[in-house]
Amino acid sequence: MTTTPTTATVTRAEYCVIACAEAWRGNGEVLASPMGLIPSFGARLAKRTFSPDLLLTDGEALLVGLDGTPEGWLPYRRHLTMVTGGRRHVMMGASQIDRYGNQNISCIGDWERPARQLLGVRGAPANTLNNPVSYWIPKHSTRVFVERVDMVSGVGYDRAEAAGVTRFHRLPRVVSDLGVFDFGGPGHAMRLVSVHPGVTVGEVRAATGFELAAAEEVPYTREPTADELRLIREVIDPQGLREREVRG
């Protein structure tokens with residue numbers, strides 16, 4: 001493990017924004033669909049810096065610029081074309097996620113009599129089979145990172161491969177308040193890519209409900225540049241809302 005960075009002024013929430021932004025690096029002209037506060041900040045940061053071709057939306061019917069000003073109409077038929085052709089990169093949440101990226105946002109417990117009813121599967125199946133999907137999890141715990149999800153909403157690598165529907169299926173990244181993950185482990189198993197400064201690999205493993213692949217030396221999540229930090233604090237989130245979602 002590398003030593004703790006000297007930029008102690010960078011908060012955990014800001015590392016999370018940087019990690020979410022990195023999900024869209026190199027995507028080109030695709031529709032970024034962040035679901036949640038910190039993913040939204042990450043998408044806007046990516047467009048302002050290293051991914052200027054990203055398309056941002058108001059979440060309903062318009063393409064918008066960096067300041068939220070409408071730039072074009074996004075009719076449903078065009079949106080569907082983008083979704084079904086891999087031209088959209090979603091960052092969703094997860095009430096549960098397993099080692100192969102199967103995600104649950106529908107219910108906790110047995111389907112016949114669940115202990116808790118959640119959102120329902122929503123668009124998760126179509127999202128995961130038709131375009132890249134990453135995940136943002138603000139509170140990493142064994143209740144979220146589970147051996148087996150209670151219900152499959154978003155489709156993971158094992159199920160996509162078994163069904164032969166892998167043409168557009170890709171899960172580039174999972175970001176939590178503890179670290180960053182991909183699916184580069186054996187058989188597309190989840191793998192720890194980096195930990196946020198102040199977090200240890202042991203803490204991540206203890207908060208994960210399955211055996212987590214990782215290199216012998218796991219780096220820290222990259223530092224924001226001075227300009228990125230300025231954009232986060234002064235332009236994208238001057239009210240500091242990020243700190244309410246992830247407390248350092």
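Quantities reported herein were computed from a predicted structural model and do not represent experimental measurements. Hydrogens, waters and symmetry mates play no part in the numbers below; they use all other heavy atoms, side chains included.
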Closest non-hydrogen atom pair between Asp98 and Phe183, with its separation: O-CE2, 4.4 Å
Ring geometry between His89 and Trp24 (parallel below 30°, tilted from 30 to 60°, perpendicular above 60°): tilted
CZ/Arg205: more than 12 non-hydrogen atoms of other groups inside 6.0 Å: yes
Over 12 non-hydrogen atoms of neighbours within 6.0 angstrom of CD in Gln239: no
Expected output: side-chain Asn102 to main-chain Gly156 donor-acceptor under 3.5 Å: yes
Side chain Asp150, main chain Gly109, donor-acceptor under 3.5 Å: yes
Over 12 non-hydrogen atoms of neighbours within 6.0 angstrom of CZ in Arg148: no
Tyr135-Met190 co-clustered via ILVMFWY side chain contacts under 4.5 Å: yes
Member of Val199, Val246, Ile137 meeting the side chain to side chain contact (heavy atoms under 4.5 Å, CB included) criterion with Asp177: Val246
Side-chain H-bond candidate by donor/acceptor type, Thr128 with Gln103, under 3.5 Å: no
Evaluation steps, side chain to side chain contact (heavy atoms under 4.5 Å, CB included), between Val180 and His196: CA-CA 8 Å; Val180 180; His196 304 321; 4.0 Å; yes
OG1 on Thr11 to CD on Glu243, rounded to 0.5 Å: 3.5 Å
Single-linkage hydrophobic cluster, 4.5 Å side-chain cutoff, Leu66 and Phe50 together: no
Backbone N/O of Lys47 and side chain of Ser51: donor-acceptor pair under 3.5 Å: no
Hydrophobic cluster membership, Leu178 vs Val146, 4.5 Å side-chain cutoff: no
Arg48 (side chain) donor-acceptor with Leu231 (main chain) under 3.5 angstrom: no
Flag, side chain of Asn104 to backbone of Cys107, donor-acceptor distance under 3.5 Å: yes
Interatomic distance, Asp237 atom CG to Ser40 atom OG [nearest 0.5 angstrom]: 10.5 Å
Side-chain touch Gln117/Ser106, heavy atoms, less than 4.5 angstrom: yes
Flag side-chain contact, heavy atom, 4.5 Å: Glu223 against Pro197: yes
Side-chain touch Ile108/Leu118, heavy atoms, less than 4.5 angstrom: yes
Side chain Glu228, main chain Ile18, donor-acceptor under 3.5 Å: no
Exercise: identify the closest heavy-atom pair between Gly198 and Glu203: O-OE1, 3.9 Å
Exceeds 12 heavy-atom contacts within 6.0 angstrom, atom CD of Glu211: no
Exercise: identify the closest heavy-atom pair between Met92 and Ala124: CE-CB, 3.8 Å
hydrophobic_cluster_shared for Val144 and Ile105, side chain cutoff 4.5 Å: yes
Arg230/Val235 under side chain to side chain contact (heavy atoms under 4.5 Å, CB included): CA gap, chis, key distance, verdict: CA-CA 7 Å; Arg230 179 190 63 81; Val235 179; 4.0 Å; yes
Pairs satisfying salt bridge (charged side-chain N to carboxylate O under 4.0 Å, His left out), at least one member in residues 188-198, at least two apart: Asp182-Arg191
Tyr100 vs His188, ring-ring contact (aromatic ring centres under 6.0 Å, His included): CA-CA, chis, key distance, verdict: CA-CA 6 Å; Tyr100 297 111; His188 286 299; 8.8 Å; no
Euclidean distance, Glu245 CD relative to Lys139 NZ, rounded to 0.5 Å: 9.5 Å
Backbone N/O of Leu229 and side chain of Glu14: donor-acceptor pair under 3.5 Å: no
Connected hydrophobic set around Met151, excluding itself, where side chains approach under 4.5 Å: Trp111, Val121
Heavy-atom pair with the smallest gap, counting every atom of Trp136 and Ile38: CZ2-CD1, 3.9 Å
Intermediate values then yes/no, side chain to side chain contact (heavy atoms under 4.5 Å, CB included), Glu22 and Val193: CA-CA 12 Å; Glu22 286 288 343; Val193 174; over 6 Å; no
Crowding at CZ, Arg167 (>12 non-hydrogen neighbours, <6.0 Å): no
Ser33 OG to Leu56 CG distance, which is reported to the nearest 0.5 Å: 9.5 Å
Worked verdict on Arg87 versus Leu31 for side chain to side chain contact (heavy atoms under 4.5 Å, CB included): CA-CA 6 Å; Arg87 302 296 296 170; Leu31 182 65; over 6 Å; no
Linked, directly or transitively: Leu171 and Leu212 (ILVMFWY side chains, under 4.5 Å): yes
Contact summary for Ser176 and His140, nearest pair of heavy atoms: OG-ND1, 2.9 Å
Check: His169 side chain, Val155 main-chain N or O, donor-acceptor pair, under 3.5 Å: yes
Heavy-atom side-chain proximity of Phe41 to Cys20 below 4.5 angstrom: no
Heavy-atom closest contact (Ala32 atom, Ala43 atom, distance): CB-CB, 4.3 Å
Heavy-atom neighbours of Arg12 CZ exceed 12 at 6.0 Å: yes
Under 3.5 Å donor-acceptor, Thr208 side chain and Phe145 backbone: no
